[in-house]
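Report on the structure given below.
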There are 2 protein chains.
Amino acid sequence: MTKGERGSIVAEIVQEPLINKARKSRLRTAIAEDRVGTTQLESVPEPKYWHLKTVLSEALDSEFAVGEILPNERDLAARFGVARATLRQALEQLELEGRLQRRRGVGTTVAPPRMGVAVGSAQGSWPGAAGDAWQPADSELAPAPADVARALDVDPAEPVHVVRRTRVSHGQPVAAELLYVPAVSVPDLSAIDAPAGPARARAVLRELGRLDLEGQDRAVELGSARADDAKALDRLPGAPVLVVTTRFLADGRTAALSMATYRADTCRLTFGDQGAVEIHHGPEQRAS
Amino acid sequence: MTKGERGSIVAEIVQEPLINKARKSRLRTAIAEDRVGTTQLESVPEPKYWHLKTVLSEALDSEFAVGEILPNERDLAARFGVARATLRQALEQLELEGRLQRRRGVGTTVAPPRMGVAVGSAQGSWPGAAGDAWQPADSELAPAPADVARALDVDPAEPVHVVRRTRVSHGQPVAAELLYVPAVSVPDLSAIDAPAGPARARAVLRELGRLDLEGQDRAVELGSARADDAKALDRLPGAPVLVVTTRFLADGRTAALSMATYRADTCRLTFGDQGAVEIHHGPEQRAS
DNA sequence: GAGTGGTCTAGACCACGCT
DNA sequence: GCGTGGTCTAGACCACTCG
């Protein structure tokens, strides 16, 4: 089962019912093979959904093309002889790994490989610097959450500038950011009367850029999307996200703090001075 | 709420039944409040598990201490008047966010704040350099997976050194690594007859360190633990992990490639030259 | 053996996107 | 309106840990 020739050919016949029939039988074959493997379940009682995930994963590699629509969950569950909930457990894992994309009211499609998203060089620069990938959306003056206020070393009740930005890559929203800027970091910002919206956000960024950036540090962790982020990212609330926290240092203080949430299903965050690491799984044999 | 002294005190009263009784009533109160909030569900039909997660999250902040054991799932579900599956959906989210830790046969405990784990400075250094946090486990000569072979620009069938290492932080395994080193990167490695085990792994790392490191780049993405990684990380297969892929450049080639899987529930990956960002949620009011 | 979380089932209804 | 994925239920059994 060499790969290579799939893709272009398959893309044209995606919706072809006859082909779908063929694929369905392939899936049935796959699960049948799985069943015989399961007969010796006394030794390794692997969960069904884990088997399913493996089988589906291999089917995705060999039988499906990017963007193709899978059979619906009820059909798939019936085909594999499992409850829908079990099938869904497998699909959820595959979605978490970026192999599938599911949309309510639409269906489940094969996801393209994750896109590499550059998350700043080692040196770093102020947010809003020329050519950064972010698009200012709005800015308001509001108290920061307690943990952010602590990191900024401001009183939790003191309003700070909260700049909202979004990041689009390959025509798709990939990240939403909240940038917290204490008033002391932008002393000359008198244009608070700027019209709410991007202009106001840009004003804050412009003033912030006047400071000398002394350094920055960054942390990445797993989180789940808040309702507002989920909306901006076109995901459901609770969707897994990679939260990138960046602290900008100037004048010996934390001059600003950014909390950016990236879609974990579609993004691979890249760091480093040069090109990105190009590792993708694809249709291939697994190393034994 | 400075931390530091908590833990020891609380650890003693974790099992105190009287305290548990008190907490249970608090939980009941919480869900009761939640119910009245749900009455206006015509406007925003928020899922139950989302409500539950919020309520539990607040209860964790205000009523529970790190390490404390929660009531079991059946009790909790009954207490909140939901099916166990629904309760579990909320717990899963909280575990994903690093708030809870669940262990089969034991119970659900309140997790400590995520630990910051340094993932190398901008400059970078060879794996195995003095004082890196990794512990060599073993090394073998085996073909690399197809995608890794491609990145290393070696034939997929050609055996490469595969060094296994683990990383322990605060007495807990936090990461498992597979380091792929093509034979051409360690030409003088004749000690293949070294006894299998850490010694052999160290031999590969020592030879690798002879090269001039020209640079490296890094990517972070979400993954799910393979069976072997899960075992090393003391998690179930499929547990969410942060996969850090690092490419080491020397002699104009990719001299080695590391794929490190970090426990996503317990780790916050930190980058940058200086200290880590210190942002933690804790018992605190949420900004409105 | 008792108690825990993990898996699985066979249903039901709901929210959403399309046509 | 119809088909999709999302939520939820009320059970059951299994695998694991610990006393």
Tabulate protein N/O versus nucleotide N/O from nucleotides 16-19 of chain C, keeping only pairs under 3.5 Å, one per line.
none

Could you check how far [atom1] of [X] sits from [atom2] of [N], rounded to whole Å?
X: A:E95; N: D:dG5; atom1: CD; atom2: C1'; result: 10 Å
X: B:L52; N: D:dG6; atom1: CG; atom2: P; result: 19 Å
X: A:E92; N: D:dG6; atom1: CD; atom2: P; result: 8 Å
X: B:Q89; N: D:dC8; atom1: CD; atom2: C1'; result: 8 Å
X: A:E46; N: D:dC14; atom1: CD; atom2: C1'; result: 15 Å
X: B:L76; N: C:dT4; atom1: CG; atom2: P; result: 11 Å
X: A:L94; N: D:dG5; atom1: CG; atom2: P; result: 14 Å
X: A:E73; N: C:dG11; atom1: CD; atom2: P; result: 17 Å

Under a 4.0 Å N-O cut-off, is there an ion pair linking [X] with [Y]?
X: B:R99; Y: B:E95; value: no
X: A:D228; Y: A:R164; value: no
X: B:D265; Y: B:R235; value: yes

Closest approach to the side chain of [X], judged atom by atom: which nucleotide of [options] is it?
X: A:R74; options: C:dA10, C:dT7, D:dG5; answer: D:dG5
X: A:T86; options: D:dC8, C:dG6, C:dC8; answer: C:dC8
X: A:P47; options: D:dT7, C:dC8, D:dG6; answer: C:dC8
X: A:T108; options: D:dC13, D:dG5, D:dC8; answer: D:dG5
X: B:V82; options: C:dT9, D:dC8, D:dT9; answer: D:dT9

Sugar-phosphate only, base, or nothing, as touched by A:R103 at under 4.0 Å among non-hydrogen atoms: sugar-phosphate
Touch class at under 4.0 angstrom, heavy-atom based, for B:L236 against every strand present: sugar-phosphate
Side-chain donor-acceptor pair present, B:T166, B:Q135, cut-off under 3.5 Å: no
Do the side-chain N or O atoms of [X] get closer than 4.0 angstrom to the phosphate oxygens (OP1, OP2) of [N]?
X: A:K48; N: C:dG6; value: no
X: A:R88; N: D:dG6; value: yes
X: B:N72; N: C:dT4; value: yes
X: B:Y49; N: D:dC8; value: no

Toward the 5' end of DNA chain C, by each residue's nearest nucleotide, A:A83 or B:G107: B:G107
B:T266 and B:V117, any side-chain heavy atoms less than 4.5 Å apart: no
Full working for salt bridge (Lys or Arg N to Asp or Glu O under 4.0 Å) between A:R167 and A:E177: CA-CA 8 Å; A:R167 183 168 178 174; A:E177 181 201 43; over 6 Å; no
Test side chain to side chain contact (heavy atoms under 4.5 Å, CB included) applied to A:S169 - qualifying residues, sequence neighbours left out: A:M115, A:V174
Distance in Å, A:L94 CG paired with A:L56 CG, rounded so as to fall on 0.5 Å steps: 6.0 Å
